[in-house]
Number of protein chains: 4
Amino acid sequence: MRIKEGNKEEDIIKAATRVFADAGFHNARMSRIADVAEVSNGSLYVYYKNKEEILMKILEGFWKELYDRTLELTNRDDITNAEKFDFMMDMLFDTFAENPDSAIIIANEQKHFQHRRQENLTSYFDKFIDLGERIVAEGVEKDMFNKNIDASLLRIFLLGGISELILEWAMNKSKISLNDIRSTVKFTVKHGILKNGK
Amino acid sequence: MRIKEGNKEEDIIKAATRVFADAGFHNARMSRIADVAEVSNGSLYVYYKNKEEILMKILEGFWKELYDRTLELTNRDDITNAEKFDFMMDMLFDTFAENPDSAIIIANEQKHFQHRRQENLTSYFDKFIDLGERIVAEGVEKDMFNKNIDASLLRIFLLGGISELILEWAMNKSKISLNDIRSTVKFTVKHGILKNGK
Amino acid sequence: MRIKEGNKEEDIIKAATRVFADAGFHNARMSRIADVAEVSNGSLYVYYKNKEEILMKILEGFWKELYDRTLELTNRDDITNAEKFDFMMDMLFDTFAENPDSAIIIANEQKHFQHRRQENLTSYFDKFIDLGERIVAEGVEKDMFNKNIDASLLRIFLLGGISELILEWAMNKSKISLNDIRSTVKFTVKHGILKNGK
Amino acid sequence: MRIKEGNKEEDIIKAATRVFADAGFHNARMSRIADVAEVSNGSLYVYYKNKEEILMKILEGFWKELYDRTLELTNRDDITNAEKFDFMMDMLFDTFAENPDSAIIIANEQKHFQHRRQENLTSYFDKFIDLGERIVAEGVEKDMFNKNIDASLLRIFLLGGISELILEWAMNKSKISLNDIRSTVKFTVKHGILKNGK
DNA sequence: TATGAATGAGGATTCATTCAT
DNA sequence: GATGAATGAATCCTCATTCAT
């Protein structure tokens, strides 16, 4: 068995993450990924079926990390749903912040592949979404959140808004402070833009 | 030779809108657009420089329509900024609702041209954005909106969230009511999710 | 419309016939065919779906020519079935002789693609085969041919033997005389190798 | 490490025979052969130089078996050449019948190595051919076979015809009786199709 | 303007073969 | 000998774009 120095499987994912973030999925070249990963073209296909599978692994990897970080939170009963919500948003921002390339990929490419995500019912993205929806729904039930909030619509809205902000931040790090973004989002979502909630 | 009765230039845009919405920009075939437009392949290039230009025209067309609808509003001084904001959101939703294919394209592909758009002041997208930011900024100045709202971040957030919702709606019309979406968004953004805005 | 000088569709078939005969289907390169046909790579795919379709057209073209040449013969009633048989063999040899490259291709490649020839029920190869079987079967009925001859087996045997001979001839023209081949085959099939048919 | 109990060298040949027969030489995958042989990819190359050499060994193995079975016959002087010819045909059919996968490979792929075989006198195929040609040539000399029979052409014809029939039989065992094939071939070759050999 | 046949650069993928262990 | 991860050359095909008419 030849040496498997440095875990090629992981190297490829890392390389692909950088390349996809830079060029976008469609303009990214497999040969470029192989170069960056310091691996032969053929090795890409030892570990992954094709280009799309590499993208999927990147996306799933991100959502799995986020899901794992968030999971234990939801079962706690010593904190309010508002606190849980806050915490979840923090996790989301933190994980994006730590993985700016993944953030870019998610903002740019995830939608295109959402459609065929029918077999993916075990997907960590879906699991994370569920977690979020449950926290909001419970908050509504417990009369902590406004009744006319639809948890399912809210999560689409939030995710869309945040990933757009994160994209802007990731493409443009110098100009935008992630903390400004985070506090703007959290404040707005919790209190609204109208002064005195009015 | 086909007599130019049906305005090819427009036919192409209409066809491309349908094709891009269906297949996504990268998977859309120029020949398919030509087919749908009932025009030859070559004619596409009589009216447009290339595939990307067609996409740009579609996007600009959408934003121009929206901008035109919204412009006069901003100069009025008989309504509050909160009312202006409300109105602007309504326009946005209405225009999306009337152009679901464009909505899909915007949600999926707007980024493509965001990148090369660098403060292009002739762009109707930028003009529309300016309008929105000004309404919010003024609202803050007039002490009607919360001070810690950053207008520029808010618009990215809002646009991202709304386009994600609209995409969901456009891909899935039967299941989601556009009015539910609209009222959820408006309420959340104005009042926040916390009961009593607290 | 750009000039279509020299009928590219046909040029491609001619070039492919030469290239397939030289290198074999699997080792033949599409780019080589394009070169020989003095056509761009892309043009190959304007006229044919893929490499395999080009091969099929070559094979069908050959059998169509042979079938057309042989068809009228079968309906004549002024000649015996032995004469018809003779004539058919001559046509087969002549057509092979006039198309040595096709002969090589048929000998080398036809078998590989016979299997998926299920939809091809209108195939000229099958039609030609039918013609031959009918002549033999009738000969048997009319008591002109030996009763224990199975027409269906005979045609497989004959075609296999002849195409092998033709291949040898086509690969090796200087050494073997086509007329020797033809008379050997005809004599053997009609009279057998045993002297006095005994 | 697998203990070398099952003779890998032979296992590989057996596996390759099945795989080549199923898929054809060009579509057969080395990794599939390794799978079927229950051997690693690398082991294939411990025993054989490359894919083609495996094919050659299969073909040679077949012809060697046939040659060995036929050799002693030719030196006998207590039987006529017609009987020898008959016997040789029987051996050919029997050996094909016992090795249907080899039969398929021979019918489909023998040409691959025919080309590079240039009077390779160590080849069992050539030795077998020589045997056959000698029997026929002697038969002609002894005035037992018709004078105008060219032994060399006859063997090409026979082998081509028979391998085609055998292929049909091997691919389609249920429908065709090998004995029918054999007697049709033997009768035709010896007596011809014309009644009374006339 | 309008056409659509022609182009050809470009890239994902395959798979026989190698070689360090 | 045995392994199987690693290799990378090699090629079919796609499709946006062009251009002679």
Side-chain angles (χ1 to χ4, degrees), chain A residues 1-5 7-9 12 26-35 37-54, chain B residues 1-4 8-9 25-35 38-54, chain C residues 1-5 7-9 12 26-34 37-54, chain D residues 1-4 8-9 26-35 38-54:
Chain A
M1 196 192 330
R2 281 197 193 166
I3 303 177
K4 197 162 101 185
E5 352 151 344
N7 197 337
K8 288 194 201 309
E9 191 167 349
I12 292 170
H26 279 101
N27 292 318
R29 305 288 146 238
M30 290 300 269
S31 54
R32 175 87 185 121
I33 295 175
D35 278 356
E38 293 181 318
V39 142
S40 76
N41 268 13
S43 288
L44 263 30
Y45 294 88
V46 171
Y47 294 98
Y48 303 97
K49 209 174 88 234
N50 52 30
K51 195 180 176 185
E52 191 167 332
E53 194 180 89
I54 297 180
Chain B
M1 197 192 331
R2 215 166 142 276
I3 295 170
K4 186 192 164 189
K8 289 195 205 304
E9 193 168 346
F25 178 75
H26 275 107
N27 291 317
R29 307 283 148 245
M30 291 297 270
S31 56
R32 175 83 183 127
I33 294 174
D35 277 358
E38 292 179 331
V39 143
S40 75
N41 262 12
S43 288
L44 263 29
Y45 293 86
V46 171
Y47 294 98
Y48 303 95
K49 205 174 92 236
N50 55 29
K51 193 181 180 184
E52 194 162 349
E53 194 180 89
I54 298 180
Chain C
M1 197 195 329
R2 283 200 193 164
I3 303 177
K4 197 162 101 184
E5 353 149 345
N7 196 338
K8 289 195 200 310
E9 190 167 350
I12 292 170
H26 279 101
N27 292 317
R29 306 287 145 240
M30 290 300 269
S31 55
R32 175 87 184 121
I33 295 175
E38 292 182 318
V39 143
S40 75
N41 268 12
S43 288
L44 263 29
Y45 295 87
V46 171
Y47 294 99
Y48 303 96
K49 211 174 84 234
N50 53 30
K51 196 180 176 186
E52 191 167 331
E53 194 180 272
I54 297 180
Chain D
M1 197 192 331
R2 217 169 143 276
I3 295 171
K4 186 190 162 188
K8 289 195 204 304
E9 193 168 346
H26 275 107
N27 291 318
R29 304 286 149 243
M30 290 298 270
S31 56
R32 174 82 184 127
I33 294 174
D35 277 358
E38 292 179 331
V39 141
S40 76
N41 262 12
S43 288
L44 263 30
Y45 293 86
V46 171
Y47 294 98
Y48 302 96
K49 203 174 94 238
N50 55 28
K51 194 182 180 183
E52 194 163 349
E53 193 181 89
I54 298 180

| note | When every non-hydrogen atom of A:N41 is compared with those of A:S31, the smallest separation belongs to OD1-CA, 3.4 Å
| note | Output row for DNA chain F, stems defined as at least 3 consecutive Watson-Crick or G-U pairs under 3.5 Å, is E:2-21 with F:2-21
| said: On a heavy-atom basis, which atom in C:I12 and which in C:A37 lie closest, and how many Å separate them? | reply: CA-CB, 4.0 Å
| So, for B:M30 and B:I54, which heavy atoms are closest and what is the spacing to 0.1 Å? | CE-CD1, 3.9 Å
| note | When rounded to whole Å, the CD1 to P distance for the pair D:I33 and E:dA16 reads 8 Å
| request: Ignoring the backbone of B:Y47, work out which of F:dA2, E:dA2, F:dT7 is nearest its side chain. | output: E:dA2
| field | D:R29/D:D35 under side chain to side chain contact (heavy atoms under 4.5 Å, CB included): CA gap, chis, key distance, verdict | value | CA-CA 10 Å; D:R29 304 286 149 243; D:D35 277 358; over 6 Å; no
| field | C:H26 versus D:N27, closest heavy-atom pair with distance | value | NE2-OD1, 4.3 Å
| message | Within the supplied structure, the quantity of interest is the number of heavy atoms (other residues, nucleotides, ligands) at a distance under 6.0 Å from C:E38 CD; does it exceed 12? | response | no
| Contact under 4.0 Å: C:Y48 side-chain N or O vs F:dC13 OP1/OP2 | no
| field | Any donor-acceptor N/O pair, B:K51 side chain to B:F25 backbone, under 3.5 Å | value | yes
| message | My understanding is that only residues two or more places apart in sequence, or in another chain, count here; which of them pass side-chain contact (heavy atoms from CB on, under 4.5 Å) with D:E9? | response | D:N7, D:Y47, D:Y48
| note | B/S/- along nucleotides 8-15 of chain E (protein heavy atoms under 4.0 Å) is B--SSBBS
| task | Give the rounded distance in Å between these two atoms: CD of A:E38 and P of F:dT7. | result | 11 Å
